[in-house]
Amino acid sequence: MVKINENFFALKESYLFSTTARKIREYQAAHPDKPVIKMGIGDVTKPLTAPVVAALEKASREQGDARTFHGYGDEQGCGFLQQAIVAYYRETAGVELKQNEIFISDGAKSDVANFTDLFSDDNVILIPDPVYPVYMDSNVMRGRKITLIDGNEGNGFLPMPYEGLEGDIVYLCSPNNPTGAVYSREQLKTWVDFANANGMIILFDSAYEAFVGDKELPRSIYEVEGAKKCAVEFCSLSKTAGFTGTRCGYTVVPEDIVIGGRSLNKMWLRRQTTKYNGTAYIVQRGAEAVFTPEGMATCRANIEYYKENARIMADALTELGIWFTGGVNSPYIWLKCGMDSWEFFDMLLNEIQVAGTPGSGFGKCGEGYFRLTAFNTHENTAEAMARLKKLLKK
């Protein structure tokens, strides 16, 4: 008789963003005359930039011509895009990578979840709380033991290793989703030293690195000495270049990571060649254009647009005297709402037609907090903050 994976029943009944989307749909259906300003999910509103679109169009025409048609490609990605990413790390972070250490994919979310294929289910997983749900859910699906590391106002929602902490794999995200907090080099060095001293692996999510404007803050964990021996880095073009609907990301697996005499780089290559058939050629050409001087300039303009939205939100919360993190080197604002976070969600939705994300959806330490995103228009962001100030000042 067929047996199912019983671990699925340990998951929450519904994925966080599915629940918020359902609530918004239900409200909108009941109040069609009151459009909702959505500031909950991290989906961008600015379109793909001209250099990217031109590259996508050119690659599409290539696929319609027998002389330039491309079929199956390398599962780990096209060399031209890997080389562009090598140059990007060198220029933006001063980090030297090898082409074969970069694996192109359809986004950081799937890679973060799929990378757990490489590890035994006996490993103890360390996960900061609050946290992006995929870290937790992908390990719950495997039935792994999970230890939560509390983030709070006291540590600026940037949990650090402490005496007695034990585990095998730790997830770190900086700039953080959902809190917008960013680890310093010194803090990451502490984590790297801790991981190397204890035989741990760091799974480092840097999907929002392009929002870091402060040059004192790291954009890659590989800016920290020793990280190439213990850290795998996941990145995405979803926010860097608006690829939320186009889907492209990459994972860096250094050759220096060896566990029990086995190369993690070679294991991931073997996994990808078995379970993944490669990112579409057309998409990879579009991604390549992101890393050209013109592409980076236009994508940077979009990022600055969203950072201005974050500033608008931060100014409004400062005026209201509300504690928050993020909003400077991150597209997220994490605010203290002072009440049950789902009740706060319902209040904003019903009273002022603004939708965010309840902090409790990211973990127990998120209760009493709320996430807003900067991925909307200036007009909608300003209007949402005007409504918020009017509501809370009452």
About how many Å separate [atom2] of [Y] and [atom1] of [X], when rounded to the nearest 0.5 Å?
{"X": "Lys46", "Y": "Cys299", "atom1": "NZ", "atom2": "SG", "result": "11.5 Å"}
{"X": "Met267", "Y": "Leu269", "atom1": "CE", "atom2": "CG", "result": "11.5 Å"}
{"X": "Ile221", "Y": "Ser206", "atom1": "CD1", "atom2": "OG", "result": "9.0 Å"}
{"X": "Tyr306", "Y": "Lys239", "atom1": "OH", "atom2": "NZ", "result": "10.0 Å"}
{"X": "Thr381", "Y": "Asn376", "atom1": "OG1", "atom2": "CG", "result": "5.0 Å"}
{"X": "Glu304", "Y": "Asn309", "atom1": "CD", "atom2": "CG", "result": "11.5 Å"}

For [X] and [Y], does a side-chain donor sit closer than 3.5 Å to a side-chain acceptor?
{"X": "Asp205", "Y": "Tyr135", "value": "yes"}
{"X": "Asp106", "Y": "Ser110", "value": "yes"}
{"X": "Gln99", "Y": "Gln83", "value": "yes"}
{"X": "Thr179", "Y": "Asn176", "value": "yes"}
{"X": "Glu209", "Y": "Ser220", "value": "no"}

Sorted by first residue and then second, give each salt bridge (charged side-chain N to carboxylate O under 4.0 Å, His left out) pair with at least one member in [range]; sequence neighbours left out.
{"range": "residues 110-119", "answer": "Asp117-Arg142, Asp117-Arg271, Asp117-Lys275"}
{"range": "residues 339-358", "answer": "Lys23-Asp346"}
{"range": "residues 172-190", "answer": "Arg185-Glu223, Lys189-Asp193"}

Suppose we screen for side-chain contact (heavy atoms from CB on, under 4.5 Å). Which residues come up paired with [X], at least two apart in sequence or across chains?
{"X": "Ser360", "value": "Ser341, Trp342, Pro358, Glu367"}
{"X": "Cys248", "value": "Leu81, Ile104, Leu237, Phe243, Thr279, Val283, Ala287"}
{"X": "Asp256", "value": "Lys228, Lys229"}
{"X": "Thr298", "value": "Thr49, Pro51"}

> Is Glu101 paired with Lys98 through a side-chain N to carboxylate O contact shorter than 4.0 Å?
Replying inline: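 Between Glu101 and Lys98 there is no salt bridge, as every charged N stays at least 4.0 Å from the carboxylate O atoms.
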
> Thinking salt bridges, do Lys364 and Asp150 make one under a 4.0 Å N-O criterion?
Replying inline: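 So Lys364 pairs with Asp150 through a salt bridge.
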
Among [options], which one satisfies side chain to side chain contact (heavy atoms under 4.5 Å, CB included) with [X]?
{"X": "Val112", "options": "Phe204, Phe234, Tyr132", "answer": "Phe234"}
{"X": "Phe103", "options": "Asp74, Asn265, Val252", "answer": "Asn265"}
{"X": "Val253", "options": "Leu118, Asn100, Ile102, Val232", "answer": "Val232"}

>> Angle between ring planes, Tyr305 versus His378, binned at 30° and 60°: parallel, tilted or perpendicular?
In response: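 Because their plane-to-plane angle is under 30°, the rings of Tyr305 and His378 count as parallel.
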
> According to the interplanar angle, ranging from 0 to 90°, do the rings of Phe211 and Phe375 count as parallel (below 30°), tilted (30 to 60°) or perpendicular (above 60°)?
Replying inline: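 Geometry flag for Phe375 against Phe211: perpendicular rings.
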
Donor-acceptor contact below 3.5 Å, side chain [X] vs main chain [Y]:
{"X": "Tyr250", "Y": "Gln82", "answer": "no"}
{"X": "Asp137", "Y": "Val134", "answer": "no"}
{"X": "Glu75", "Y": "Asn277", "answer": "no"}
{"X": "Arg300", "Y": "Ala210", "answer": "yes"}
{"X": "Thr318", "Y": "Ala314", "answer": "yes"}
{"X": "Ser174", "Y": "Tyr183", "answer": "yes"}
{"X": "Arg371", "Y": "Pro178", "answer": "no"}

For [X], look at atom [atom1] and say whether over 12 heavy atoms of other residues, nucleotides or ligands are found less than 6.0 Å away.
{"X": "Arg311", "atom1": "CZ", "answer": "yes"}
{"X": "Arg262", "atom1": "CZ", "answer": "no"}
{"X": "Glu225", "atom1": "CD", "answer": "no"}

Residue pair [X] / [Y]: nearest heavy atoms and the distance that separates them:
{"X": "Ser138", "Y": "Thr116", "result": "OG-CG2, 4.4 Å"}
{"X": "Gly361", "Y": "Lys12", "result": "O-NZ, 4.1 Å"}
{"X": "Asn302", "Y": "Pro47", "result": "ND2-O, 3.6 Å"}
{"X": "Gly151", "Y": "Cys365", "result": "O-CB, 3.4 Å"}
{"X": "Asn196", "Y": "Cys230", "result": "OD1-CB, 3.3 Å"}

Can you list, pair by pair, the side-chain donor-acceptor contacts under 3.5 Å of residues 332-339, counting residues two or more places apart and other chains?
from, atom 1, to, atom 2, distance (Å)
Tyr332, OH, Tyr208, OH, 2.7
Lys336, NZ, Glu153, OE2, 2.9

> Do Arg285 and Phe80 meet the cation-pi criteria used here (NZ or CZ under 6.0 Å from the six-membered ring centre, within 45° of the axis)?
Replying inline: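 The answer is yes, since Arg285 meets both limits relative to Phe80.
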
Can you list every pair that meets side chain to side chain donor-acceptor pair (under 3.5 Å) and has a residue in [range], with sequence neighbours left out?
{"range": "residues 27-37", "value": "Tyr27-Gln353"}
{"range": "residues 52-61", "value": "Lys58-Glu62"}
{"range": "residues 162-171", "value": "Asn139-Tyr171"}

>> Could you see if Val124 belongs to whatever hydrophobic cluster contains Leu203? Use Ile, Leu, Val, Met, Phe, Trp, Tyr and a side-chain cutoff under 4.5 Å.
In response: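 Shared cluster, no.
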
> Do Phe157 and Val212 belong to the same hydrophobic cluster, where Ile, Leu, Val, Met, Phe, Trp and Tyr are linked whenever their side-chain heavy atoms lie under 4.5 Å apart, directly or via other members?
Replying inline: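 No, because Phe157 and Val212 fall into different hydrophobic clusters, even though each may have its own neighbours under 4.5 Å.
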
Atom pairs and distances, donor-acceptor, side-chain atoms in residues 35-44, under 3.5 Å, two or more places apart:
from, atom 1, to, atom 2, distance (Å)
Asp43, OD1, Thr244, OG1, 2.8

> Is the distance between the ring centroids of Tyr369 and Phe344 under 6.0 Å?
Replying inline: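 Ring centres of Phe344 and Tyr369 not closer than 6.0 Å.
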
>> Let's go through Arg270 and Thr274 carefully: what are the C-alpha distance in whole Å and the side-chain angles of both, what is the deciding distance for side-chain hydrogen bond (donor to acceptor under 3.5 Å, both in side chains) to 0.1 Å, and is it a yes or a no?
In response: CA-CA 6 Å; Arg270 186 66 180 87; Thr274 299; 2.4 Å; yes

>> Run the side chain to side chain contact (heavy atoms under 4.5 Å, CB included) test on Phe324 and Leu372 for me, step by step, so that the C-alpha distance in whole Å, both residues' side-chain angles and the decisive distance to 0.1 Å come before the verdict.
In response: CA-CA 11 Å; Phe324 68 92; Leu372 294 174; over 6 Å; no

